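Comments concern the structure below.
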Protein chains: 2
Amino acid sequence: MPRHRVTQTDVAALAGVSQATVSFVLSGRTPSGVRISEETRQRVLDAIRITGYSVNPVAQRLAGGHNQILGVFTYETTFPRGGRDFYGPFLVGIEHAAEQIGVDLLLFTSARVVEGSRRLTRSGWQRLGIADGCLLLGQHEERAELQHLLDTNYPFVFLGRRESEGGRLPYVGADYLAATKRATERAADLGHRRIGYVGPTGSDEPTSDRLSGYRALMAERGLPTQFIDPADPGQTASEIAERQLSAVLLAPEVDPDELCRALAGRGISVPDDLSVLLLGQPHHRLPGPTLWSGFTIPREQMGARALLLLSRLAGTAGAREDESTTDLHQLLECTEVAGETLTAPRAPDGSANRLPAAPEQERNNA
Amino acid sequence: MPRHRVTQTDVAALAGVSQATVSFVLSGRTPSGVRISEETRQRVLDAIRITGYSVNPVAQRLAGGHNQILGVFTYETTFPRGGRDFYGPFLVGIEHAAEQIGVDLLLFTSARVVEGSRRLTRSGWQRLGIADGCLLLGQHEERAELQHLLDTNYPFVFLGRRESEGGRLPYVGADYLAATKRATERAADLGHRRIGYVGPTGSDEPTSDRLSGYRALMAERGLPTQFIDPADPGQTASEIAERQLSAVLLAPEVDPDELCRALAGRGISVPDDLSVLLLGQPHHRLPGPTLWSGFTIPREQMGARALLLLSRLAGTAGAREDESTTDLHQLLECTEVAGETLTAPRAPDGSANRLPAAPEQERNNA
DNA sequence: ACAATGGGATTATGCGCATTATTAGCGGGT
DNA sequence: ACCCGCTAATAATGCGCATAATCCCATTGT
């Protein structure tokens, strides 16, 4: 620890005023009818410059103020070992935004781990208090905990759409519904009629949004929906063959490379026999050489937007008040990827019909 | 903010003791001859359990204690955009270690950025005080700042070997010297005699360690050293051809893929005409398909070890006192990679040693 | 009987800041 | 003279904890 850091008291002494005055000048606020003359203000400012004073964030926070620290709580290990990196892209955006608005980031790595997932226990969430607010990200969050957090009035933002009673839970998510619907539409527009959905059918928001998008488009076109649970790649491949699907949508939980191998083993090649559309970056591994069609989740942008929103909610300085941080519930557009795994289906007679996918408008997330 | 968190005073009231007693029981320490009876201790412990008390890290820190937060300061953006990810692997190790010993991680993203590199200004380093100690990582650190930090007696650890007067600066680095020497030796053992070093020749520790390793082995074997500055890939390739090198060591600053392309343009193929050894993971891009020979830097391990060391220096609870955290200056062994870009050199007469040489036309594209 | 221990806990204080309540000075209206 | 209103600032307090200083009381020694 530094040998006696410069405190407001030191500054006050130099400027010939009281510590409180220094505090007022620094904060710029004068809540209870306190007035500071311009002359005094300048004297204090000079003293600050001379002494090189800078606020002690810890004391600041203890005294009930803000300390320009925003927390990041991940329900799973933030940086998993062995390559699989789910949070990385989010963090990129988060860090970038943090740098922009000048806040520090506190990673809550000390939370107790229960069954491979971090838990926000009472003692755990007390720690959140260090930060002005907290970003929550993860797939295995506990509803009860969230509810509790909401009740405490502590500012936080969830990364990913999450429903809550009264919509009190702020979030920044990706519009899976629209993106999935659009992906399905692309397949349908090319002439596919037997379009299957491969992925879990849970009730969590990302999954149910994807399912809704798929169902909506299929209903619009009067096509039958087909769901396959990706328990085992071989099993999945067999079902695809059996049902004679000509296109499949793959949830991120499915490993496309693995599935492709299983399909190849059954004489089905992608995209000649089967078009494949990814509904977001797959969780499983680093991107392989295949350029998958479908869409990607704008993770960096989500991270950045979430931090900006949190910053506003937490009343952190540097928070901008522009339109991008106004809405408590933000859904960002996913990025459509043309890719090379989507083609028109074979004609009913079995002859190949290899029209390359129309080049889609590709947008880059910042 | 929580509606009145449970404080030590609350616990004390319930247990029928004073706040100080609670503090003593919690810390386990009794610095000034204070004694607590076992019975009282139990009563306090029970009260803690009942109330669900957990310490307020902010107050704890302000009062001069530890708060189980360790800082991470990176001189460059921690998570760079656009794929290039230098710190990622370190962070993986750091986070893992942090989880192990139960500390939170504070990322100092608010530091002022000057010329693309973060700076530890006075106001910046005052913020470090939030944490019990701080990990420093980066390539463009400022010596003066480090010196200043040392003087303040604030606990920190540098990630990467850094010299300092009196060896007062604790660090955890990789043994580039030994690893480079060994890489050079592998080439020499295969019969290479014209072994060049491609990379910057600055005086920073990583670079100078690599150079020393190279020089040492070449001297041992009585071979002439040859240095090439990698200003431009084409230029570099030309020089390699001109000097008729049969093997080159590549510093991480060099992009091996790019160089390879330039070499191919001059009719030099790797590894048939030229063996290539990487002295650590290249900075430039995501790993391509080529399996480069050479060595890799154990980044995860370095991160973890550094955090463990820091934890001990900072006196953080949970810090283990085993041999791995005892030494203030730790050099970790690099991982040797066999790879596929190292082969025996062509025989002196010019006939191919492995594969028949395909006489190539030399092209100039300066 | 009384001072000298020493175990067992308390009181008091301060960390650096935010904030509320309060004070001091001063000109003008009556 | 007195109160009023207004400006300009200060004193006081508390956030929750660590810790030094202190205190109380039952034993023990002489």
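Chain identifiers are assigned alphabetically (A, B, ...) following the order of the sequence lines, protein sequences preceding nucleic acid strands; residue numbering begins at 1 within each chain. Computation of the quantities below employed the complete heavy-atom set of this structure, encompassing side-chain atoms and omitting hydrogens, waters and symmetry-equivalent molecules. Given the structure is predicted, the values throughout are model-derived calculations rather than measurements.
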Regarding B:Thr40, tell me which of base, sugar-phosphate or nothing describes its non-hydrogen contacts under 4.0 Å with the strands shown.
sugar-phosphate
Ignoring hydrogens and geometry beyond distance, is the side chain of A:Gln8 in donor-acceptor contact with the base of C:dA18 at under 3.5 Å?
no
Please classify the nucleic acid contact of A:Val58 as base, sugar-phosphate, or nothing, using heavy-atom distances under 4.0 Å.
nothing
Closest non-hydrogen atom pair between B:Ala15 and B:Ala47, with its separation:
CB-CB, 3.9 Å
Please work out if A:Ser23 contacts a base, only the sugar-phosphate, or nothing of the nucleic acid, heavy-atom cut-off 4.0 Å.
base
Nearest-nucleotide pick for B:Ala20, side chain only, options being D:dC17, D:dA9, D:dT19:
D:dT19
Test ring-ring contact (aromatic ring centres under 6.0 Å, His included) applied to A:Phe158 - qualifying residues, sequence neighbours left out
none
Quantified as the angle between the terminal helix axes (five pairs each), what is the overall bend of the helix from C:dA1-D:dT30 to C:dT30-D:dA1 to 10 degrees?
90°
Quick one: label A:Leu62 by what it contacts on the DNA or RNA (base, sugar-phosphate, nothing), any heavy atom closer than 4.0 Å.
base
A:Phe73: ring-ring contact (aromatic ring centres under 6.0 Å, His included) partners, not counting sequence neighbours
A:Tyr75
Answer with base, sugar-phosphate or nothing: what part of the nucleic acid does B:Val22 contact at a heavy-atom distance below 4.0 Å?
nothing
Testing C:dA21, D:dG16, D:dA20 for proximity to the side chain of A:Val34, the answer is C:dA21
